**Q** 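Pasting in a structure now, in C-alpha cells, and then I'll have a few things to ask.
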Amino acid sequence: MLSGILKKEDCASCRFCCSFRRTSLWETPIFTEENITAIEADNRLNSEVLNIVEKDGFKFASYDLGNDYKTQDSFEEVPCPYLGENGCTLSSEEKPWDCKIWPLRVMKKDQEPVIALTPTCPTINSLSIETVRQYVNDDLRNDILDYAKDHPYLIKKYRQDYPVI
Ligand code: SF4
Ligand code: SF4
C-alpha cells in the first residue's frame, strides 16, 4: 500500500516486520473473515494456526507464537507461519490489512482513531514525518480510516512512541 515510499528491495533485505519478538507479539496481524475464508480455501496453507474469534458481530483471527520461542533471549524472533523463503506466501485476498498498511497503524487516541507510524521500520523512518504525512494525505488517509471504522477490531490501543501522522 505504501509502495510509493517503500521499495520492495528495501523490504527484501530487511524482512523485520514478518518476525516477532516476545515484546512485539501484540503486533501479530489480525485476519479478517474474508482473509480466513480465502486461507481456508487455499490448499497450500495451514489454516489451523489461526485462532478464530467471534465478537460483537465480527469474525476474525490471529495466531499465537508464544510457545514457539526456543530461548529466553528477548531478541529472539519467531517468523509468521505464512512467511516463506521468498517473503509472504499469502495472496492479496489472504493477506491481513495490518500487513498491507504496515508500517502504519490505526490506533485509538483520546477515543478517536488516528493513523500512527511504527517507529521500527528503518526505511520509512529514514524519511521525514512530513513526507510520510503528505503521502498518506494524498492517497490513503480516508481509505484507511474508513476501513478501520468498518472493522473496529483492527484498531489498536495507542502507544506513546508511535507518532501520529
Ligand atoms: S520493517 Fe520496513 S523496510 Fe523492513 S520489511 Fe518491514 S516494511 Fe520493509
Ligand atoms: S501474513 Fe505475510 S506480510 Fe503478514 S506478517 Fe505474515 S508473512 Fe508477513
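FYI, side chains are in, hydrogens and waters are out, and symmetry mates aren't considered; it's all heavy atoms of this structure. Here the structure is a predicted model, which means the values were calculated and not measured. As the structure lists them, so they are numbered: ligands from 1, and atoms in each ligand from 1.
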**Q** Would a distance-only check, ignoring hydrogens and angles, find a side-chain to backbone donor-acceptor pair under 3.5 Å from Tyr153 to Phe58?
**A**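 Side chain of Tyr153 to backbone of Phe58: no pair is present.
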**Q** Just let me know how Ile124 lines up against ligand 1, side chain, backbone, both or neither, with a heavy-atom cut-off below 4.0 Å.
**A**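 None of Ile124 does.
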**Q** Donor-acceptor pair, Arg159 side chain versus Thr118 backbone, under 3.5 Å?
**A**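 No: the side chain of Arg159 does not pair with the backbone of Thr118.
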**Q** Relative to atom 4 (Fe) of ligand 1, which among Cys14, Ser126, Cys121, Ser19 owns the nearest non-hydrogen atom?
**A**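 Shortest heavy-atom distance from atom 4 (Fe) of ligand 1: Cys14.
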**Q** Taking Tyr162 for its side chain and Val106 for its backbone only, find out whether a donor-acceptor pair lies under 3.5 Å.
**A**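 Between the backbone of Val106 and the side chain of Tyr162 there is no qualifying donor-acceptor contact (under 3.5 Å).
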**Q** Got a donor-acceptor contact below 3.5 angstrom from the Ser62 side chain to the Ile30 backbone?
**A**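 Between the backbone of Ile30 and the side chain of Ser62 there is no qualifying donor-acceptor contact (under 3.5 Å).
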**Q** Answer yes or no: is there a donor N or O on one side and an acceptor on the other, between the side chain of Arg133 and the main chain of Ser128, under 3.5 Å?
**A**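 No.
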**Q** Taking only heavy atoms of Leu6 into account, list the atoms of ligand 1 that are under 4.0 Å away from them.
**A**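 Per the distance check, 7 (S).
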**Q** Identify, for atom 8 (Fe) of ligand 1, the protein heavy atom at the shortest distance, and state residue, atom and that distance.
**A**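 Nearest protein contact, heavy atoms only, for atom 8 (Fe) of ligand 1 is Cys11 SG, 2.4 Å.
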**Q** Are any side-chain N or O atoms of Arg22 and backbone N or O atoms of Tyr69, one a donor and one an acceptor, separated by less than 3.5 Å?
**A**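 Not a single qualifying donor-acceptor pair exists.
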**Q** Could you tell me whether a side-chain N or O of Asp110 sits under 3.5 Å from a main-chain N or O of Glu112, the two making a donor and an acceptor?
**A**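 Side chain of Asp110 to backbone of Glu112, a donor-acceptor pair under 3.5 Å: no, none is there.
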**Q** So, does Lys100 use its side chain to make a donor-acceptor pair with the main chain of Ser92 at under 3.5 Å?
**A**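 Confirmed, Lys100 side chain pairs with Ser92 backbone.
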**Q** Tell me the protein heavy atom at minimum distance from atom 6 (Fe) of ligand 1, and give that distance in Å.
**A**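 Residue, atom and distance for the closest contact: Cys17 SG, 2.4 Å.
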**Q** Strictly under 4.0 Å, does any heavy atom of Pro103 approach an atom of ligand 1?
**A**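 The answer is no: ligand 1 sits nowhere under 4.0 Å from a heavy atom of Pro103.
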**Q** Which ligand 1 atoms does Trp102 reach within 4.0 Å, using its non-hydrogen atoms?
**A**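 Within the 4.0 Å cut-off of Trp102, ligand 1 contributes 1 (S), 6 (Fe), 7 (S).
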**Q** Near Pro122, which atoms of ligand 1 are under 4.0 Å from a heavy atom of that residue?
**A**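 It comes down to these atoms of ligand 1: 1 (S).
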**Q** If you have a sec, work out which protein heavy atom is nearest atom 5 (S) of ligand 1 and how many Å separate them, to one decimal?
**A**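 For atom 5 (S) of ligand 1, the nearest protein heavy atom comes out as Arg15 N, 3.5 Å.
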**Q** Looking at Lys55, His151, Glu33, which one forms a side chain to side chain contact (heavy atoms under 4.5 Å, CB included) with Phe60?
**A**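 Passing option: Lys55.
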**Q** Hey, does the side chain of Glu76 reach the backbone of Lys70 with a donor-acceptor pair shorter than 3.5 angstrom?
**A**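 Here the side-chain-to-backbone pair exists.
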**Q** Can you report which non-hydrogen protein atom sits closest to atom 3 (S) of ligand 1, along with the distance?
**A**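 Atom 3 (S) of ligand 1 sits closest to the protein heavy atom Thr123 OG1, 3.2 Å.
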**Q** Atom 2 (Fe) of ligand 2: which protein N, O or S atoms are under 2.8 Å away?
**A**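 Result, waters dropped: Cys88 SG.
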**Q** Check whether any side-chain N or O of Glu77 sits under 3.5 Å from a backbone N or O of Ser19 as a donor-acceptor pair, and report yes or no.
**A**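 The answer is no, because no donor-acceptor pair under 3.5 Å joins these two groups.
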